[in-house]
Amino acid sequence: MNKKEQLTIAIIQFEPKWKDHEFNLKKISALLLELEIPVDIIMLPESFTTGFSMKSKKISVPMNHSSIKWMQEISEQYNAAVCGSLFVSENNKFYNRFIWASPNNSIKYYDKRHLFSIADEDKTYTKGNKQLTIEYMGWRIFPQICYDLRFPVWSRNTSDYDLLINVANWPAARERAWRTLLKARAIENQCYAIGVNRLGTDGNDIIYDGNSMIVDYKGKVIMNAENIENVFTFQIDQTELLNYRKKFNTLDDADQFKITFD
């Protein structure tokens, strides 16, 4: 795939219908019709087909499900990578799985490592046991899912990635933490950080107010979607990032450690 110094990214910020795969895919498809320029990546929130539900047996789908096929079709249609998380069943286990569908018809995935125990996610789903770095158009991309954002050791960049992306269902009650943590992850890892969040009220009466954001490597917010349902597009520049790292590279002075998996 051709390298690009600038990536054009589309964030889909919307209110999913509770546990309704088909409705949500149709809604996203309709929102995508508003795209006015070609994009390289289309980002969707965590659990974009159902909302954040612990009814794993009812909402989890196999990897050959129509929802994932839809992601591949959208990727081909727009010639862009499509990513977001949904609940997947595999080998009698359930996962909150980040899916990355590329235009070459390939699929990569990452299973959420930090399960939200306050909502009993850890009792319902199986946590992941590996990280993922995606090579795409000359960029190195590190995906996370929602609660992962709170754990800086998991995010620690040892010159492994340029862009951290977090797909989330982050409640309005903790909006300040969302904003602060996205900035912190961008600054400490000298990377762009993009967080895509949902809107509305879910089936558990939890309120979400969006605030999908892109933060640059200095911690500057360069896009904030606020509380609006829409498609938001923007560009990020790799040359600017690499030039900044050359002038002020804190990654070289970072402590060394190794993450172990249980």
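Follow the hydrophobic side-chain contacts under 4.5 Å out from F232 and you reach L7 in the same cluster. Under the 4.5 Å side-chain contact rule for hydrophobic residues, M137 and I41 share a cluster. L163 and L132 end up in the same hydrophobic cluster when Ile, Leu, Val, Met, Phe, Trp and Tyr side chains are linked at under 4.5 Å. I118 and L149 are members of different hydrophobic clusters when ILVMFWY side chains are connected at heavy-atom separations under 4.5 Å. Note: the hydrophobic cluster containing V61 also contains I74 (ILVMFWY, side chain heavy atoms under 4.5 Å, direct or indirect links).
Residues Y125 and I59 share a closest heavy-atom pair of OH-CD1, 3.8 Å. The shortest heavy-atom contact between S102 and S75 is C-OG, 3.0 Å. Here the shortest heavy-atom pairing between P103 and A80 reads CG-N, 3.5 Å. Scanning both residues, C146 and N166, for their nearest heavy atoms gives N-OD1, 3.1 Å. Closest of all the heavy-atom pairs between W154 and I259 is CE3-CD1, 3.9 Å. The shortest non-hydrogen separation linking A193 to A186 is CB-CB, 3.8 Å.
The shortest distance between side-chain heavy atoms of Y147 and N96 does not fall below 4.5 Å. When side chains are defined from C-beta on, I11 counts as touching M223, because their heavy atoms get closer than 4.5 Å. A 4.5 Å side-chain heavy-atom check between W70 and S29 finds at least one atom pair inside the cut-off. Using a 4.5 Å heavy-atom cutoff, the side chains of I134 and P143 are in contact. Contact check for I222 versus F234: no side-chain heavy atoms found under the 4.5 Å cut-off. Taking the side chain as every heavy atom from C-beta outward, I9 and D40 never approach each other to under 4.5 Å. No side-chain heavy atom of S85 sits under 4.5 Å from any side-chain heavy atom of Y110.
Between the side chain of Y217 and the main chain of L242, no donor-acceptor pair closer than 3.5 Å is present. With W139 contributing its side chain and K4 its backbone, the two residues share a donor-acceptor pair below 3.5 Å. Judged purely by atom type and a 3.5 angstrom limit, S53 uses its side chain to pair as donor or acceptor with the backbone of K55. Y161 contributes a side-chain N or O that, together with a main-chain N or O of S155, makes up a donor-acceptor pair within less than 3.5 Å. Between the side chain of D237 and the backbone N or O of E240 there is at least one donor-acceptor pair closer than 3.5 Å. Distance alone, capped at 3.5 Å, is enough to place a donor-acceptor pair between the E229 side chain and the E15 backbone. At least one donor-acceptor pair closer than 3.5 Å links the side chain of N189 to the backbone N or O of N157. At distances below 3.5 Å, not a single donor-acceptor pair connects side-chain atoms of Q13 with backbone N or O atoms of L199. Proximity of a side-chain donor or acceptor of T233 to a complementary backbone N or O of A10 within less than 3.5 Å is not detected. A donor-acceptor pair under 3.5 Å is absent between the side-chain atoms of N91 and the main chain of K93, judged by distance alone.
The salt bridge (charged side-chain N to carboxylate O under 4.0 Å, His left out) contacts involving residues 171-194 comprise E175-R179, R185-E188, where partners must be two or more places apart or lie in separate chains. Listed by first then second residue, pairs satisfying salt bridge (charged side-chain N to carboxylate O under 4.0 Å, His left out) with a partner in residues 146-164 read R140-D162, D162-R245, not counting sequence neighbours. Within the structure, salt bridge (charged side-chain N to carboxylate O under 4.0 Å, His left out) pairs that include any residue of residues 101-113 comprise E46-K112, R97-D111, K112-E121, R113-D262 (at least two apart or interchain).
Taking the six-membered ring where the residue is Trp, Y136 and W100 present perpendicular rings, their angle passing 60° and hence far from 30°. Between F52 and F116, the ring planes lie tilted relative to each other; the angle falls in the 30° to 60° range. Aromatic ring pairs are classed by plane angle as parallel below 30°, tilted from 30° to 60° and perpendicular above 60°; the pair Y244 and F248 is tilted.
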(message) Is there a side chain to side chain contact (heavy atoms under 4.5 Å, CB included) between W178 and M213? Walk through the geometry before answering.
(response) CA-CA 9 Å; W178 168 252; M213 292 170 56; 4.3 Å; yes

(request) Just do the side chain to side chain contact (heavy atoms under 4.5 Å, CB included) check on M63 and I99 with the steps written out, would you? (result) CA-CA 10 Å; M63 284 295 286; I99 302 289; 3.9 Å; yes

(request) Could you go through the side chain to side chain contact (heavy atoms under 4.5 Å, CB included) check for V88 and Y109 one step at a time? (result) CA-CA 11 Å; V88 171; Y109 68 87; over 6 Å; no

(message) Set out, in order, the CA-CA distance, both residues' side-chain angles and the distance that settles side chain to side chain contact (heavy atoms under 4.5 Å, CB included) for N24 and F48, then state yes or no.
(response) CA-CA 7 Å; N24 292 322; F48 66 90; 5.8 Å; no

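D122 and S117 share no side-chain donor-acceptor pair at under 3.5 Å. Donor-acceptor pairing under 3.5 Å is lacking for the side chains of Y208 and N197.
We find the CD-OH distance between Q238 and Y192 to be 9.0 Å, quoted to the nearest 0.5 Å. In this structure, CG in N230 is found 5.5 Å from CD in E34, a value given to the nearest 0.5 Å. Distance check, rounded to the nearest 0.5 Å: CD1 of I165 to CD1 of I141 gives 6.0 Å. Rounded to the nearest 0.5 Å, atoms CG (N169) and CD1 (I145) are 10.5 Å apart. Here the CG atom belonging to L164 is positioned 8.0 Å from the CG atom belonging to L182, to the nearest 0.5 angstrom. Rounded to the nearest 0.5 Å, atoms CG (D20) and OG1 (T49) are 9.5 Å apart.
Counting heavy atoms of neighbouring residues, nucleotides and ligands inside a 6.0 Å radius, atom CD of E22 does not exceed 12 of them.
You'll find the ring centres of F94 and F87 outside the 6.0 Å limit.
Exactly one of V167, L86, V82, V196 qualifies for a side-chain contact (heavy atoms from CB on, under 4.5 Å) with L44. That residue is V82.
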